[in-house]
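Below: one structure, written as structure tokens.
Every number for a ligand or one of its atoms is a count from 1 in the order of the listing. Computed from heavy atoms alone, side chains included, the values below leave out hydrogens, waters and symmetry copies. Residues take their numbers from the sequence shown, with the count starting at 1.
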Amino acid sequence: MKLQMMGNWKIVNDEHTSNDLKLYGSGEYDEIDSPIRLFVAGLHGNEWRDTSEFLLNMTPPKNGTLAVIPIVDNGEYVSTLDNRYYTTVGSRIIDAVESLHPDTYVELHSYSRNNLSKLTNEDRINKTGVPAYIELEDGVLLGSVPSYIRLKCFPMDALCLSFEIQKDSLRSKYFAAKMLDIVKNCVSRDDFVKYLENRFPLQAKMAIGNYNRFYGL
Ligand SMILES: [Zn+2]
């Protein structure tokens, strides 16, 4: 990876794509206690159309570092629940995680309105092995990241989130942008949990329940 200084942000050029990994903020990503976040969008198919713009227009976090990959892959749609995803089209994510060791990892996905009930149905755990998404507001859904990357790349205390943004909904986009700003400035998983408990107590309870079940707590 080639690291390039650009004012208060850096570009890490991984050379095989024009959609470089970008680092915003202090760039002090080797320092202990300086949180590092990695946000990724456009993970598959045409989802970049509804998700990448967020990461192209981020401002630096108040502390620590924010790394973004605006488009991971815009080719064929491979589900992130397919374990091959992260070793093939999504391998850039693993590369970035292994070099940055982020404390916070966020995936941005998009969905069609008519798939809402499929994503939020409690039965999802039985059908796909992953918990149902939790609706926060304006069609923005909160979920965990697939167990493959969660277990392979992150310690238990890392904050790993997946947001589903409703396609063709401006309200959903506005709210998602607000959430990303909040997550970007959280310094730890507990910091985000505190925010969620204050602002969305019911959803926080569900998310914590899912987390505990995942780790058998
Ligand atoms: Zn997706």
Problem - Shell of protein N/O/S atoms around the Zn ion (ligand 1), taken as anything under 2.8 Å - result: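 Counting only protein N, O or S atoms under 2.8 Å from the Zn ion (ligand 1), the list reads H44 NE2, E47 OE1, E47 OE2, H109 ND1.
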Problem - side chain to side chain donor-acceptor pair (under 3.5 Å) partner of D138, the single match among K178, R171, K173 - result: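 Exactly one candidate clears the test, R171.
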Please examine the side chains of [Y] and [X], heavy atoms only from C-beta on, and report whether any two atoms are closer than 4.5 Å.
| X | Y | answer |
| --- | --- | --- |
| F192 | L161 | yes |
| Q166 | Y111 | yes |
| R150 | S144 | no |

Fill in the blank from the handout: Only residue of V68, L66, T65, L38 satisfying side-chain contact (heavy atoms from CB on, under 4.5 Å) with L23 is T65
Problem - K118 atom NZ, over 12 foreign heavy atoms within 6.0 Å - result: no
